[in-house]
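Each residue takes its place number in the sequence, starting with 1. Note: hydrogens, waters and symmetry copies are ignored here, and every other heavy atom, side chains too, is used. Since this is a predicted model, take the numbers as computed values, not measurements.
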Amino acid sequence: MILTKIKNAISALSGKGGAADYFYTSLKYTVASFLGAIWSEEHYAKWFYHLYTGKKLNLENPKYFDEKVWWLKLNNRDPLLTKCSDKYAVRDYVKTCGLENMLTEQLDVFSDINDLDFSKYDCEVVAKCNHNSGGHIFYDPVLPMTARELKSAKKRLGYIFRHNAYVLSREWNYKNIDRKIVVEKVIRDKNGKLPLDYKFMCFGGEPKLLFLDIGVMEQNRTYNHNYPRNIYDMDFNLLPVHETRPNSKEKIEKPQNFEKMVEAAKKLSAPFPFCRVDLYNVDGKVYFGEITFYHGGGCNKIEPEEWDLKMGSWIDLNSDKIVRKI
């Protein structure tokens with residue numbers, strides 16, 4: 001597909017930041033807004049999926065993981081999805097699950113990017129939008145950014161703040177979030193390293209797989225586009241399955257309190273037919289990250305195929321956890 005090749009070429013350039021990044025983001029949202037206005041959600045979904053994967057999307061009789069994820073995107077309208085996708089409001093949900101002790105320290109919440117003033121913080125912080133993913137700004141008073149770097153970072157965050165994530169990938173859960181900028185204290189381990197990303201894939205309230213992302217953020221707080229991903233079962237056995245990314249070459253040890261992480265993922269995922277619960281483990285202390293309902297936007301490469309089908313079979317589209325749209 002020629003359009004896919006063009007998209008990939010522009011995307012590769014955008015990964016380097018700067019004008020290409022803004023151009024790519026702007027182009028994506030402009031095209032998505034136009035097509036969303038003239039096409040049905042189902043038509044758009046099939047076009048989007050084909051653009052990003054080169055494959056046809058079967059919504060009439062979904063069997064594969066991504067197919068069922070897209071079906072849920074278009075049909076599940078549980079209001080709790082919106083609350084739990086909001087990086088600010090989800091904290092109340094975590095508290096209702098009895099897991100308040102797993103929340104990171106949230107220092108500020110703003111509705112206007114202009115209210116963000118890093119000079120007031122005496123610790124390392126991260127600022128991010130509550131209504132989508134990406135666009136984080138890390139700030140360390142020990143190694144402060146230059147005025148130019150700070151201006152550029154705030155400009156990018158403001159740009160992302162203005163966009164509704166629903167427009168691009170039809171993730172309804174983001175559509176009606178009251179947009180805010182949140183500032184949180186950065187967590188590091190005893191050696192000063194940023195934590196690994198433990199992503200628990202939960203089906204009907206049962207954690208079945210762990211996607212462990214390693215080195216997503218470099219220690220200098222820049223995004224690593226080529227980070228590896230290991231997939232484990234709930235006994236922390238490495239599985240012969242890959243999703244989009246290769247395995248890490250280093251051996252990863254089972255973390256302290258791993259069973260506590262599994263139990264937390266189970267509690268947080270209980271109301272949903274499928275979700276991904278992201279946690280951190282810092283020297284045995286477990287922290288909540290976020291809840292994601294449509295892993296990878298439903299555009300993943302799962303190998304071997306039998307695992308793609310197996311993961312799809314774990315999503316019950318007849319579940320009473322689904323609030324169907326009227």
Side-chain angles (χ1 to χ4, degrees), residues 65-66 68-69 72-73 76 78 80-104 106 133 171 173 184 187 189 194-214 216 227 229-239 241 243-245 248 252-298 300 302 307 310-316 319-322:
F65 174 75
D66 278 345
K68 290 195 174 182
V69 165
L72 289 171
K73 271 194 197 187
N76 191 8
D78 183 353
L80 189 56
L81 298 176
T82 296
K83 181 173 185 177
C84 289
S85 300
D86 183 332
K87 293 180 177 64
Y88 175 65
V90 70
R91 295 170 67 87
D92 286 335
Y93 173 71
V94 174
K95 292 175 183 178
T96 65
C97 291
L99 301 172
E100 183 175 2
N101 64 320
M102 292 186 179
L103 292 172
T104 56
Q106 198 166 87
S133 60
E171 297 184 38
N173 48 309
E184 297 177 356
I187 52 176
D189 67 15
L194 294 169
L196 303 180
D197 293 86
Y198 294 82
K199 303 177 182 296
F200 290 86
M201 307 291 277
C202 304
F203 301 81
E206 288 294 329
K208 290 183 176 290
L209 297 174
L210 166 65
F211 285 17
L212 179 57
D213 289 354
I214 302 152
V216 178
Y227 65 84
R229 171 177 290 150
N230 290 354
I231 299 179
Y232 302 86
D233 63 17
M234 291 302 96
D235 292 317
F236 209 74
N237 296 310
L238 184 63
L239 297 174
V241 54
E243 187 273 287
T244 306
R245 299 175 176 277
S248 171
I252 307 297
E253 299 294 338
K254 183 178 179 180
Q256 300 176 50
N257 291 327
F258 180 70
E259 291 73 20
K260 184 177 180 180
M261 299 177 79
V262 175
E263 188 60 31
K266 185 173 184 178
K267 287 182 180 179
L268 292 164
S269 66
F272 310 113
F274 167 75
C275 71
R276 194 190 78 206
V277 176
D278 295 2
L279 302 173
Y280 301 108
N281 191 311
V282 181
D283 303 322
K285 166 67 175 173
V286 180
Y287 290 95
F288 171 77
E290 65 181 35
I291 301 176
T292 298
F293 295 100
Y294 309 112
H295 173 74
N300 305 287
I302 301 170
W307 273 94
K310 180 181 289 190
M311 290 172 62
S313 72
W314 290 337
I315 300 178
D316 180 8
S319 170
D320 58 8
K321 299 177 187 292
I322 298 172

Checking side-chain contact (heavy atoms from CB on, under 4.5 Å) for the pair Tyr227/Ile214: CA distance, chi angles, key distance, verdict? CA-CA 6 Å; Tyr227 65 84; Ile214 302 152; 6.0 Å; no
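- Atom CG of residue Asn173 and atom NZ of residue Lys73 lie 9.0 Å apart, to the nearest 0.5 angstrom.
- Asn300 places no side-chain N or O within 3.5 Å of a backbone atom of Ile302 that could act as its donor or acceptor partner.
- Taking the side chain as every heavy atom from C-beta outward, Leu99 and Phe288 never approach each other to under 4.5 Å.
- Minimum interatomic distance between Tyr232 and Leu239 (heavy atoms only, all atoms of both residues): C-CD1, 3.7 Å.
- Formation of a donor-acceptor pair under 3.5 Å by the Lys199 side chain with backbone atoms of Phe211 is not found in this model.
- The main-chain N or O of Phe274 is never found under 3.5 Å from a side-chain atom of Lys321 such that the two would form a donor-acceptor pair.
- Between Leu209 and Val241 the shortest side-chain heavy-atom distance does not fall below 4.5 Å.
- Salt bridge annotation for Arg276-Glu290: present, with a cationic side-chain nitrogen under 4.0 angstrom from a carboxylate oxygen.
- Across all their heavy atoms, Tyr294 and Leu72 have their closest contact at OH-O, 3.6 Å.
- Looking at every heavy atom in both residues, Ile322 comes nearest to Pro273 through CG1-CG, 3.7 Å.
- For the atom pair CD1 of Ile291 and CG of Asp86, the computed distance is 11.5 Å after rounding to the nearest 0.5 Å.
- With values rounded to the nearest 0.5 angstrom, Met201 atom CE is found 15.0 Å from Glu206 atom CD.
- Rounding to the nearest 0.5 angstrom, the gap separating the CG atom in Leu80 from the OG atom in Ser85 is 9.0 Å.
- When all heavy atoms of Lys260 and Val286 are compared, the pair lying nearest together is CD-CG2, 4.4 Å.
- Contact of the Arg245 side chain with the Ile231 side chain is not registered, since no non-hydrogen atoms from C-beta on lie closer than 4.5 Å.
- Using a 4.5 Å heavy-atom threshold, the side chains of Tyr198 and Asp278 count as separate.
- Gln106 CD: more than 12 foreign heavy atoms inside a 6.0 Å radius.
- Considering every non-hydrogen atom in both Lys254 and Asp235, the closest pair reads NZ-O, 4.5 Å.
- Within the model, atoms CD of Glu171 and CG of Leu81 stand 10.5 Å from one another, a figure rounded to the nearest 0.5 Å.
- Residues Glu243 and Met311 have side chains not in contact (no heavy-atom distance under 4.5 Å, counting atoms from C-beta outward).
- In terms of the salt bridge (charged side-chain N to carboxylate O under 4.0 Å, His left out) criterion, Asp78 has no residue partners (sequence neighbours excluded).
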Test side-chain contact (heavy atoms from CB on, under 4.5 Å) on Tyr93 and Leu268 and set out the steps. CA-CA 8 Å; Tyr93 173 71; Leu268 292 164; 3.9 Å; yes
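- Under the 3.5 Å distance criterion, the side-chain polar atoms of Asn281 are left unmatched by any main-chain donor or acceptor of Asn257.
- Closest approach of Pro195 to Val282, counting heavy atoms only: CB-CG2, 4.0 Å.
- With a 4.5 Å cut-off on side-chain heavy atoms, Met261 and Met102 do not count as touching.
- Ring pair Trp307/Trp314 is perpendicular by interplanar angle, where above 60° counts as perpendicular and below 30° as parallel.
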Output, in order, the C-alpha distance, side-chain angles, deciding distance and verdict of side-chain contact (heavy atoms from CB on, under 4.5 Å) for Phe200 and Lys266. CA-CA 9 Å; Phe200 290 86; Lys266 185 173 184 178; over 6 Å; no
Phe272 and Cys202: side-chain contact (heavy atoms from CB on, under 4.5 Å), yes or no, with the steps? CA-CA 9 Å; Phe272 310 113; Cys202 304; over 6 Å; no
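- Looking at Asn230, its side chain never comes within 3.5 Å of a backbone N or O of Leu238 through a donor-acceptor pair.
- Between the NZ atom in Lys68 and the CZ atom in Phe203 there is a gap of 10.0 Å [rounded to 0.5 Å].
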